[in-house]
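Please read the structure below before turning to the comments.
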Amino acid sequence: MDHFTYVNSQLQAEGVALRRIADEVGTPVFVYSSAAFEGHLRAFDSAFKAKPHLVCYSVKVASNLALLSKVAKLNLGADIVSGGELFRALKAGILAEKVVYSGVGKTASEIKQALAAGILMFNVESEPELSLVSSIAKDQGLKAPVALRVNPDVDPSTHPYLATGLKESKFGVPVAEALSLYLRAKDDPNLSVIGIDCHIGSQLTSLSPFVDTVSRLKVLLGKLRAAGLNIKYLDLGGGLGITYESENAPSPAEYAQKILSGLGDEEVTLIFEPGRAVAGNSAVLVIKVLYDKITPEKRFVITDGAMNDLIRPSLYGSHHAVAPLTQAQAGTDSIKVNVVGPVCESGDFLAKDRLIPPVSAGDYLAVKSAGAYGFSMSSNYNSRPRAAEVLIEGDSYRIIRARETQEDLIHGETL
Ligand code: LLP
(Lines give C-alpha, C1' and ligand atoms only; values in the text may rest on other atoms or scores of the structure.)
Protein backbone atom coordinates (compact mmCIF):
# COMPACT_ATOMS: atom_id res chain seq x y z
CA MET A 1 0.00 0.00 0.00
CA ASP A 2 1.28 3.49 -0.85
CA HIS A 3 1.50 5.69 2.23
CA PHE A 4 2.97 8.63 0.29
CA THR A 5 0.18 10.87 -0.99
CA TYR A 6 -0.45 14.50 -1.86
CA VAL A 7 -2.18 16.63 0.77
CA ASN A 8 -2.74 20.26 -0.27
CA SER A 9 -0.43 19.63 -3.26
CA GLN A 10 2.44 18.52 -1.00
CA LEU A 11 3.70 14.93 -1.02
CA GLN A 12 3.53 13.66 2.52
CA ALA A 13 3.59 10.53 4.63
CA GLU A 14 1.61 10.24 7.84
CA GLY A 15 1.55 13.84 9.15
CA VAL A 16 4.79 15.15 7.66
CA ALA A 17 5.31 16.92 4.33
CA LEU A 18 8.46 15.64 2.63
CA ARG A 19 9.37 19.19 1.63
CA ARG A 20 9.95 20.00 5.30
CA ILE A 21 12.40 17.10 5.60
CA ALA A 22 14.18 18.05 2.37
CA ASP A 23 14.58 21.65 3.58
CA GLU A 24 15.71 20.70 7.09
CA VAL A 25 17.82 17.57 6.47
CA GLY A 26 18.97 18.17 2.91
CA THR A 27 19.05 15.77 -0.02
CA PRO A 28 19.51 13.04 -1.09
CA VAL A 29 17.55 11.54 1.77
CA PHE A 30 15.69 8.25 2.19
CA VAL A 31 12.41 8.90 3.99
CA TYR A 32 10.64 5.93 5.59
CA SER A 33 7.11 5.85 6.95
CA SER A 34 6.95 3.83 10.16
CA ALA A 35 3.21 3.29 9.66
CA ALA A 36 3.91 1.74 6.26
CA PHE A 37 6.81 -0.40 7.46
CA GLU A 38 5.02 -1.68 10.55
CA GLY A 39 1.72 -2.03 8.70
CA HIS A 40 3.32 -4.28 6.09
CA LEU A 41 4.99 -6.39 8.80
CA ARG A 42 1.71 -6.77 10.66
CA ALA A 43 -0.20 -7.63 7.49
CA PHE A 44 2.30 -10.38 6.71
CA ASP A 45 2.23 -11.76 10.23
CA SER A 46 -1.54 -11.77 10.59
CA ALA A 47 -2.04 -13.35 7.15
CA PHE A 48 -0.60 -16.57 8.61
CA LYS A 49 -2.34 -16.52 11.97
CA ALA A 50 -4.15 -19.79 11.23
CA LYS A 51 -0.87 -21.72 11.41
CA PRO A 52 2.18 -21.69 13.72
CA HIS A 53 4.65 -19.39 12.00
CA LEU A 54 7.51 -16.96 12.41
CA VAL A 55 8.10 -13.92 10.22
CA CYS A 56 11.84 -13.27 9.88
CA TYR A 57 12.30 -9.87 8.25
CA SER A 58 15.07 -10.00 5.66
CA VAL A 59 17.73 -7.68 7.05
CA LYS A 60 19.60 -7.11 3.77
CA VAL A 61 16.64 -5.22 2.34
CA ALA A 62 16.78 -2.19 4.65
CA SER A 63 18.93 -2.71 7.70
CA ASN A 64 18.82 0.53 9.66
CA LEU A 65 18.73 -0.14 13.43
CA ALA A 66 15.57 1.95 13.85
CA LEU A 67 13.75 -0.26 11.33
CA LEU A 68 15.09 -3.46 12.90
CA SER A 69 13.97 -2.27 16.31
CA LYS A 70 10.41 -2.00 14.93
CA VAL A 71 10.76 -5.66 13.92
CA ALA A 72 11.96 -6.53 17.44
CA LYS A 73 9.08 -4.65 19.09
CA LEU A 74 6.59 -6.68 17.05
CA ASN A 75 8.30 -9.84 18.39
CA LEU A 76 9.34 -10.90 14.93
CA GLY A 77 12.58 -12.49 13.79
CA ALA A 78 15.31 -11.83 11.24
CA ASP A 79 16.69 -13.50 8.13
CA ILE A 80 20.41 -12.76 7.93
CA VAL A 81 23.17 -13.50 5.42
CA SER A 82 26.27 -12.28 7.26
CA GLY A 83 27.85 -11.75 10.65
CA GLY A 84 27.32 -8.02 10.15
CA GLU A 85 23.58 -8.54 9.77
CA LEU A 86 23.54 -10.70 12.92
CA PHE A 87 25.34 -7.90 14.78
CA ARG A 88 22.73 -5.38 13.61
CA ALA A 89 19.76 -7.63 14.40
CA LEU A 90 20.94 -8.35 17.94
CA LYS A 91 21.82 -4.67 18.55
CA ALA A 92 18.27 -3.76 17.57
CA GLY A 93 16.84 -6.22 20.09
CA ILE A 94 15.79 -9.06 17.79
CA LEU A 95 16.08 -12.33 19.71
CA ALA A 96 18.79 -14.73 18.53
CA GLU A 97 16.32 -17.60 18.81
CA LYS A 98 14.29 -15.90 16.06
CA VAL A 99 17.18 -15.57 13.61
CA VAL A 100 17.68 -17.77 10.54
CA TYR A 101 20.95 -17.61 8.66
CA SER A 102 21.14 -18.21 4.87
CA GLY A 103 23.96 -17.62 2.38
CA VAL A 104 26.28 -19.72 0.22
CA GLY A 105 29.52 -18.39 1.69
CA LYS A 106 29.32 -18.34 5.48
CA THR A 107 32.84 -18.03 6.91
CA ALA A 108 34.12 -20.00 9.88
CA SER A 109 34.11 -16.90 12.07
CA GLU A 110 30.56 -16.04 11.07
CA ILE A 111 29.43 -19.59 11.85
CA LYS A 112 31.12 -19.38 15.28
CA GLN A 113 29.48 -16.02 15.95
CA ALA A 114 26.01 -17.33 15.07
CA LEU A 115 26.45 -20.56 17.05
CA ALA A 116 27.61 -18.64 20.10
CA ALA A 117 24.65 -16.26 19.79
CA GLY A 118 22.22 -19.21 19.73
CA ILE A 119 20.35 -18.57 16.48
CA LEU A 120 17.26 -20.58 15.53
CA MET A 121 18.81 -22.30 12.51
CA PHE A 122 21.48 -22.32 9.84
CA ASN A 123 20.07 -22.63 6.35
CA VAL A 124 22.93 -24.70 4.98
CA GLU A 125 23.56 -24.37 1.24
CA SER A 126 26.12 -27.11 0.43
CA GLU A 127 27.78 -30.31 1.61
CA PRO A 128 31.11 -28.63 2.52
CA GLU A 129 29.27 -25.97 4.51
CA LEU A 130 27.44 -28.72 6.42
CA SER A 131 30.80 -30.32 7.32
CA LEU A 132 32.20 -26.98 8.49
CA VAL A 133 29.16 -26.18 10.64
CA SER A 134 29.45 -29.66 12.17
CA SER A 135 33.15 -29.37 12.99
CA ILE A 136 32.76 -25.88 14.48
CA ALA A 137 29.83 -27.08 16.60
CA LYS A 138 31.97 -29.99 17.80
CA ASP A 139 34.84 -27.67 18.75
CA GLN A 140 32.44 -25.44 20.69
CA GLY A 141 30.71 -28.38 22.38
CA LEU A 142 27.40 -27.35 20.84
CA LYS A 143 24.84 -28.95 18.57
CA ALA A 144 24.13 -26.78 15.52
CA PRO A 145 20.45 -26.43 14.52
CA VAL A 146 20.27 -26.81 10.73
CA ALA A 147 17.95 -26.84 7.76
CA LEU A 148 19.12 -27.51 4.24
CA ARG A 149 18.34 -24.80 1.71
CA VAL A 150 16.78 -26.84 -1.04
CA ASN A 151 16.76 -25.68 -4.62
CA PRO A 152 13.39 -26.83 -5.98
CA ASP A 153 14.18 -25.87 -9.62
CA VAL A 154 11.13 -23.65 -9.99
CA ASP A 155 11.13 -20.73 -12.44
CA PRO A 156 10.02 -17.61 -10.54
CA SER A 157 9.56 -15.57 -13.78
CA THR A 158 11.46 -12.56 -12.50
CA HIS A 159 14.60 -10.63 -13.52
CA PRO A 160 17.40 -13.21 -14.08
CA TYR A 161 19.52 -11.63 -11.33
CA LEU A 162 16.65 -12.14 -8.89
CA ALA A 163 15.99 -15.84 -9.64
CA THR A 164 17.62 -18.09 -7.04
CA GLY A 165 15.83 -21.43 -7.27
CA LEU A 166 16.73 -22.58 -10.79
CA LYS A 167 18.99 -25.63 -11.29
CA GLU A 168 21.84 -23.47 -12.61
CA SER A 169 21.74 -21.22 -9.55
CA LYS A 170 24.57 -21.07 -6.98
CA PHE A 171 22.04 -21.28 -4.16
CA GLY A 172 20.85 -24.30 -2.22
CA VAL A 173 21.14 -28.05 -2.64
CA PRO A 174 19.37 -29.63 -5.65
CA VAL A 175 16.15 -31.20 -4.43
CA ALA A 176 17.17 -34.59 -5.88
CA GLU A 177 20.35 -34.62 -3.74
CA ALA A 178 18.77 -33.25 -0.60
CA LEU A 179 17.59 -36.58 0.82
CA SER A 180 21.03 -38.18 0.95
CA LEU A 181 22.57 -35.08 2.53
CA TYR A 182 19.76 -34.98 5.09
CA LEU A 183 20.45 -38.62 5.99
CA ARG A 184 24.13 -37.83 6.54
CA ALA A 185 23.25 -34.86 8.70
CA LYS A 186 20.82 -36.99 10.73
CA ASP A 187 23.65 -39.28 11.80
CA ASP A 188 25.94 -36.41 12.75
CA PRO A 189 26.03 -35.97 16.55
CA ASN A 190 27.01 -32.29 16.18
CA LEU A 191 23.95 -31.36 14.17
CA SER A 192 20.30 -31.13 15.01
CA VAL A 193 18.33 -31.30 11.76
CA ILE A 194 15.15 -29.32 12.30
CA GLY A 195 14.07 -27.75 9.04
CA ILE A 196 13.72 -27.43 5.30
CA ASP A 197 14.46 -24.06 3.73
CA CYS A 198 14.16 -22.50 0.30
CA HIS A 199 14.08 -19.10 -1.35
CA ILE A 200 13.28 -19.16 -5.05
CA GLY A 201 13.70 -15.53 -5.99
CA SER A 202 12.58 -11.99 -5.47
CA GLN A 203 9.91 -9.65 -6.88
CA LEU A 204 7.55 -12.50 -7.77
CA THR A 205 4.20 -11.19 -8.91
CA SER A 206 2.69 -14.58 -9.67
CA LEU A 207 1.84 -17.00 -6.88
CA SER A 208 2.14 -20.21 -8.89
CA PRO A 209 5.94 -20.62 -8.40
CA PHE A 210 5.36 -20.50 -4.63
CA VAL A 211 2.60 -23.09 -4.92
CA ASP A 212 4.84 -25.38 -7.04
CA THR A 213 7.60 -24.99 -4.45
CA VAL A 214 5.31 -25.93 -1.58
CA SER A 215 4.18 -29.07 -3.37
CA ARG A 216 7.78 -30.12 -4.09
CA LEU A 217 8.85 -29.47 -0.52
CA LYS A 218 5.87 -31.40 0.82
CA VAL A 219 7.12 -34.48 -1.01
CA LEU A 220 10.56 -34.03 0.54
CA LEU A 221 9.04 -33.44 3.98
CA GLY A 222 7.15 -36.74 3.72
CA LYS A 223 10.34 -38.60 2.80
CA LEU A 224 12.33 -37.02 5.61
CA ARG A 225 9.70 -37.82 8.19
CA ALA A 226 9.48 -41.39 6.91
CA ALA A 227 13.25 -41.59 7.39
CA GLY A 228 12.83 -40.60 11.03
CA LEU A 229 13.86 -36.95 10.87
CA ASN A 230 12.03 -34.58 13.16
CA ILE A 231 11.44 -31.64 10.81
CA LYS A 232 9.80 -28.82 12.77
CA TYR A 233 10.26 -25.87 10.42
CA LEU A 234 9.46 -25.18 6.80
CA ASP A 235 11.13 -21.92 5.76
CA LEU A 236 9.68 -20.63 2.49
CA GLY A 237 12.03 -17.64 2.20
CA GLY A 238 10.94 -14.27 0.86
CA GLY A 239 10.16 -13.13 -2.64
CA LEU A 240 6.68 -11.63 -2.66
CA GLY A 241 6.71 -8.78 -5.17
CA ILE A 242 5.37 -5.24 -4.91
CA THR A 243 3.88 -2.72 -7.30
CA TYR A 244 6.53 -0.38 -8.71
CA GLU A 245 4.68 0.61 -11.85
CA SER A 246 1.69 -1.38 -13.03
CA GLU A 247 2.52 -4.84 -11.70
CA ASN A 248 -0.40 -6.63 -10.13
CA ALA A 249 1.38 -7.78 -6.98
CA PRO A 250 -0.55 -10.20 -4.76
CA SER A 251 -1.25 -9.08 -1.19
CA PRO A 252 0.22 -10.96 1.79
CA ALA A 253 -3.31 -12.32 2.42
CA GLU A 254 -3.56 -13.73 -1.11
CA TYR A 255 -0.07 -15.18 -0.80
CA ALA A 256 -0.93 -16.76 2.57
CA GLN A 257 -4.14 -18.24 1.27
CA LYS A 258 -2.35 -20.05 -1.57
CA ILE A 259 0.48 -21.29 0.63
CA LEU A 260 -1.81 -22.51 3.39
CA SER A 261 -4.10 -24.33 1.01
CA GLY A 262 -1.10 -25.89 -0.77
CA LEU A 263 0.28 -27.06 2.54
CA GLY A 264 -2.94 -28.67 3.77
CA ASP A 265 -2.86 -30.06 7.30
CA GLU A 266 0.89 -30.67 7.40
CA GLU A 267 2.07 -30.09 10.98
CA VAL A 268 5.00 -27.77 10.71
CA THR A 269 5.94 -24.26 11.83
CA LEU A 270 6.24 -22.00 8.82
CA ILE A 271 9.00 -19.44 8.52
CA PHE A 272 8.91 -16.53 6.07
CA GLU A 273 11.68 -14.12 5.15
CA PRO A 274 9.88 -11.17 3.55
CA GLY A 275 11.87 -8.07 2.74
CA ARG A 276 10.69 -6.12 -0.29
CA ALA A 277 7.00 -6.58 0.59
CA VAL A 278 7.73 -4.93 3.95
CA ALA A 279 10.18 -2.17 3.09
CA GLY A 280 9.80 -1.48 -0.65
CA ASN A 281 6.85 0.86 -0.59
CA SER A 282 7.69 2.15 2.89
CA ALA A 283 10.20 4.73 1.67
CA VAL A 284 11.03 7.23 -1.06
CA LEU A 285 14.35 8.77 -2.01
CA VAL A 286 14.06 12.56 -2.06
CA ILE A 287 16.47 14.30 -4.44
CA LYS A 288 17.00 17.85 -5.65
CA VAL A 289 17.14 19.09 -9.22
CA LEU A 290 20.54 20.64 -10.01
CA TYR A 291 20.18 21.38 -13.72
CA ASP A 292 17.66 21.05 -16.52
CA LYS A 293 19.99 20.22 -19.41
CA ILE A 294 18.59 20.23 -22.92
CA THR A 295 20.59 18.66 -25.75
CA PRO A 296 19.45 18.15 -29.36
CA GLU A 297 18.78 14.48 -28.54
CA LYS A 298 17.56 14.42 -24.95
CA ARG A 299 16.47 16.43 -21.99
CA PHE A 300 18.28 15.54 -18.78
CA VAL A 301 17.08 16.39 -15.31
CA ILE A 302 20.34 16.27 -13.39
CA THR A 303 19.80 15.69 -9.69
CA ASP A 304 21.87 15.31 -6.54
CA GLY A 305 20.70 11.67 -6.28
CA ALA A 306 22.58 9.08 -8.32
CA MET A 307 23.25 5.41 -8.95
CA ASN A 308 25.40 5.23 -5.82
CA ASP A 309 22.28 6.12 -3.79
CA LEU A 310 19.84 3.86 -5.65
CA ILE A 311 21.47 1.34 -7.96
CA ARG A 312 18.37 -0.63 -8.94
CA PRO A 313 17.59 1.22 -12.21
CA SER A 314 21.21 0.88 -13.39
CA LEU A 315 21.68 -2.71 -12.24
CA TYR A 316 18.35 -4.30 -13.11
CA GLY A 317 16.76 -1.72 -15.41
CA SER A 318 14.07 -1.43 -12.77
CA HIS A 319 11.33 1.16 -12.78
CA HIS A 320 10.84 3.61 -9.93
CA ALA A 321 8.12 6.22 -10.23
CA VAL A 322 9.39 9.81 -10.01
CA ALA A 323 7.08 12.46 -8.59
CA PRO A 324 7.57 16.13 -7.68
CA LEU A 325 7.21 16.94 -3.98
CA THR A 326 4.94 19.80 -4.96
CA GLN A 327 2.16 18.54 -7.18
CA ALA A 328 1.94 20.13 -10.62
CA GLN A 329 -1.17 22.15 -11.35
CA ALA A 330 -3.86 20.32 -13.28
CA GLY A 331 -3.40 20.75 -17.01
CA THR A 332 0.40 21.16 -16.89
CA ASP A 333 2.04 19.54 -19.92
CA SER A 334 4.62 16.88 -19.10
CA ILE A 335 8.14 16.78 -20.51
CA LYS A 336 10.03 13.63 -21.44
CA VAL A 337 13.34 13.38 -19.59
CA ASN A 338 16.08 11.17 -18.28
CA VAL A 339 16.49 11.67 -14.55
CA VAL A 340 20.21 11.25 -13.94
CA GLY A 341 22.82 11.86 -11.25
CA PRO A 342 26.29 13.41 -11.14
CA VAL A 343 28.16 10.06 -11.25
CA CYS A 344 30.62 9.62 -14.10
CA GLU A 345 28.94 6.65 -15.78
CA SER A 346 26.44 6.61 -18.60
CA GLY A 347 24.70 3.90 -16.58
CA ASP A 348 23.97 6.50 -13.91
CA PHE A 349 20.25 7.08 -14.25
CA LEU A 350 17.22 6.88 -11.99
CA ALA A 351 14.61 7.05 -14.76
CA LYS A 352 14.77 7.01 -18.55
CA ASP A 353 12.42 8.60 -21.08
CA ARG A 354 10.03 9.49 -18.30
CA LEU A 355 7.16 11.96 -18.52
CA ILE A 356 7.25 14.38 -15.61
CA PRO A 357 5.99 17.94 -15.08
CA PRO A 358 8.57 20.64 -15.98
CA VAL A 359 11.12 21.22 -13.21
CA SER A 360 13.79 23.79 -12.47
CA ALA A 361 16.92 23.88 -10.35
CA GLY A 362 16.10 23.64 -6.66
CA ASP A 363 12.90 21.62 -7.10
CA TYR A 364 12.59 18.37 -5.19
CA LEU A 365 11.60 15.00 -6.61
CA ALA A 366 10.65 11.76 -4.88
CA VAL A 367 11.91 8.49 -6.33
CA LYS A 368 9.26 6.11 -5.12
CA SER A 369 9.35 2.49 -3.87
CA ALA A 370 12.94 3.03 -2.74
CA GLY A 371 12.75 1.33 0.66
CA ALA A 372 13.92 -2.12 -0.42
CA TYR A 373 17.51 -2.57 -1.61
CA GLY A 374 17.85 1.22 -1.71
CA PHE A 375 20.07 2.51 1.06
CA SER A 376 21.36 -1.02 1.80
CA MET A 377 22.87 -1.27 -1.71
CA SER A 378 24.18 2.28 -1.76
CA SER A 379 27.89 3.00 -2.04
CA ASN A 380 30.46 5.77 -1.86
CA TYR A 381 31.30 5.60 -5.58
CA ASN A 382 32.75 8.89 -6.87
CA SER A 383 33.52 9.66 -3.19
CA ARG A 384 29.94 10.65 -2.59
CA PRO A 385 28.92 10.56 1.08
CA ARG A 386 25.98 8.23 1.56
CA ALA A 387 22.51 9.76 1.95
CA ALA A 388 20.77 10.42 5.25
CA GLU A 389 17.90 8.21 6.40
CA VAL A 390 14.83 9.66 8.10
CA LEU A 391 11.90 7.94 9.77
CA ILE A 392 8.46 9.54 9.97
CA GLU A 393 6.41 8.56 13.00
CA GLY A 394 3.00 10.24 12.99
CA ASP A 395 3.39 14.01 12.99
CA SER A 396 7.12 14.01 13.58
CA TYR A 397 10.27 12.68 12.01
CA ARG A 398 13.76 11.80 13.18
CA ILE A 399 17.09 11.22 11.49
CA ILE A 400 17.89 7.52 11.86
CA ARG A 401 21.18 7.74 9.98
CA ALA A 402 23.13 10.93 9.66
CA ARG A 403 24.28 11.97 6.23
CA GLU A 404 27.90 10.87 5.81
CA THR A 405 30.54 13.58 5.86
CA GLN A 406 33.68 13.89 3.74
CA GLU A 407 35.64 12.83 6.84
CA ASP A 408 33.58 9.60 6.93
CA LEU A 409 34.76 8.89 3.38
CA ILE A 410 38.37 8.43 4.49
CA HIS A 411 37.64 6.59 7.74
CA GLY A 412 40.27 3.90 8.28
CA GLU A 413 42.49 5.06 5.41
CA THR A 414 46.13 6.06 5.76
CA LEU A 415 48.34 8.31 3.67
N1 LLP B 1 15.64 -14.69 1.96
C2 LLP B 1 16.75 -14.88 1.24
C3 LLP B 1 17.57 -16.06 1.48
C4 LLP B 1 17.11 -13.96 0.24
O5 LLP B 1 18.20 -14.17 -0.48
C6 LLP B 1 16.30 -12.81 0.02
C7 LLP B 1 16.65 -11.83 -1.00
C8 LLP B 1 15.16 -12.64 0.84
C9 LLP B 1 14.85 -13.61 1.78
C10 LLP B 1 14.24 -11.45 0.71
O11 LLP B 1 13.57 -11.47 -0.50
P12 LLP B 1 12.39 -10.41 -0.82
O13 LLP B 1 11.22 -10.71 0.09
O14 LLP B 1 12.92 -9.06 -0.56
O15 LLP B 1 12.09 -10.65 -2.24
N16 LLP B 1 18.76 -6.50 -4.86
C17 LLP B 1 17.65 -7.06 -5.58
C18 LLP B 1 16.97 -8.18 -4.82
C19 LLP B 1 17.92 -9.27 -4.36
C20 LLP B 1 17.25 -10.33 -3.52
C21 LLP B 1 18.24 -10.99 -2.64
N22 LLP B 1 17.68 -11.96 -1.74
C23 LLP B 1 16.69 -5.94 -5.93
O24 LLP B 1 16.98 -4.77 -5.66
O25 LLP B 1 15.64 -6.19 -6.52
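Just follow the structure's listing: the first ligand is 1, and inside any ligand the first atom is 1.
Among all protein heavy atoms, the one lying closest to atom 4 (C) of ligand 1 is Lys60 NZ, 3.1 Å. Summary of contacts: the protein heavy atom closest to atom 7 (C) of ligand 1 is Tyr373 OH, 3.4 Å. Scanning the protein heavy atoms around atom 24 (O) of ligand 1, the nearest turns out to be Arg312 NE, 2.6 Å.
In this structure, Lys288 places its NZ atom where only 12 or fewer heavy-atom neighbours from other residues, nucleotides or ligands lie under 6.0 Å away. At most 12 non-hydrogen atoms from other residues, nucleotides or ligands lie less than 6.0 angstrom from NZ of Lys258. With a 6.0 Å radius and a threshold of 12 heavy atoms from other residues, nucleotides or ligands, Tyr6 has its OH atom above the threshold. Applying the 6.0 Å contact sphere to CG of Asn248 captures no more than 12 heavy atoms from other residues, nucleotides or ligands. Residue Lys51 places its NZ atom among more than 12 non-hydrogen atoms of other residues, nucleotides or ligands, all under 6.0 Å distant.
Checked against a 3.5 angstrom limit, the closest N/O atoms of Tyr316 and ligand 1 fall inside it. For Val61, no nitrogen or oxygen atom sits less than 3.5 Å from a nitrogen or oxygen atom of ligand 1, counting backbone and side chain alike. The N/O atoms of Asp79, backbone and side chain alike, include one that comes under 3.5 Å of an N/O atom in ligand 1.
In summary, the atoms of ligand 1 found under 4.0 Å from a heavy atom of Gly238, numbered by their order in the structure, are 9 (C), 13 (O). Near Glu273, meaning under 4.0 Å from one of its heavy atoms, ligand 1 places the atoms 1 (N), 2 (C), 3 (C), 8 (C), 9 (C), 10 (C), 13 (O). Which parts of ligand 1 touch Met377 is read off a 4.0 Å heavy-atom cut-off, strictly below it: atoms 16 (N). Near Arg149, the atoms of ligand 1 lying under 4.0 angstrom from a non-hydrogen atom of the residue are 3 (C). Close contacts of ligand 1 with Ser202, meaning ligand atoms under 4.0 Å from a residue heavy atom, involve 11 (O), 12 (P), 14 (O), 15 (O), 20 (C). Below 4.0 Å from some heavy atom of Gly275 lie the following atoms of ligand 1, by number and element: 12 (P), 13 (O), 14 (O). Ligand 1 places these atoms under 4.0 Å from at least one heavy atom of Ser58: 8 (C), 9 (C), 10 (C).
A cation-pi arrangement is not found for Lys298 relative to Phe300, the charged atom failing to lie both closer than 6.0 Å to the ring centre and inside a 45° cone about the ring normal. Lys106 forms a cation-pi arrangement with Tyr101, by the criterion of a distance under 6.0 Å to the ring centre and an angle within 45° of the ring axis.
Contact annotation: for Arg276 versus ligand 1, heavy atoms closer than 4.0 Å belong to both the backbone and the side chain.
Ring pair Phe210/Tyr255 is perpendicular by interplanar angle, where above 60° counts as perpendicular and below 30° as parallel.
Under a 4.0 angstrom heavy-atom cut-off, Pro274 registers as being in contact with ligand 1. Ligand 1 lies out of reach of Gly237, whose nearest heavy atom is not under 4.0 Å from it.
Checked for salt-bridge contact, Glu38 and Lys73 miss the test: no charged N lies under 4.0 Å from a carboxylate O.
Remark: of the listed residues Arg386, Arg384, Arg403, Arg384 is the sole one forming a salt bridge (charged side-chain N to carboxylate O under 4.0 Å, His left out) with Asp309.
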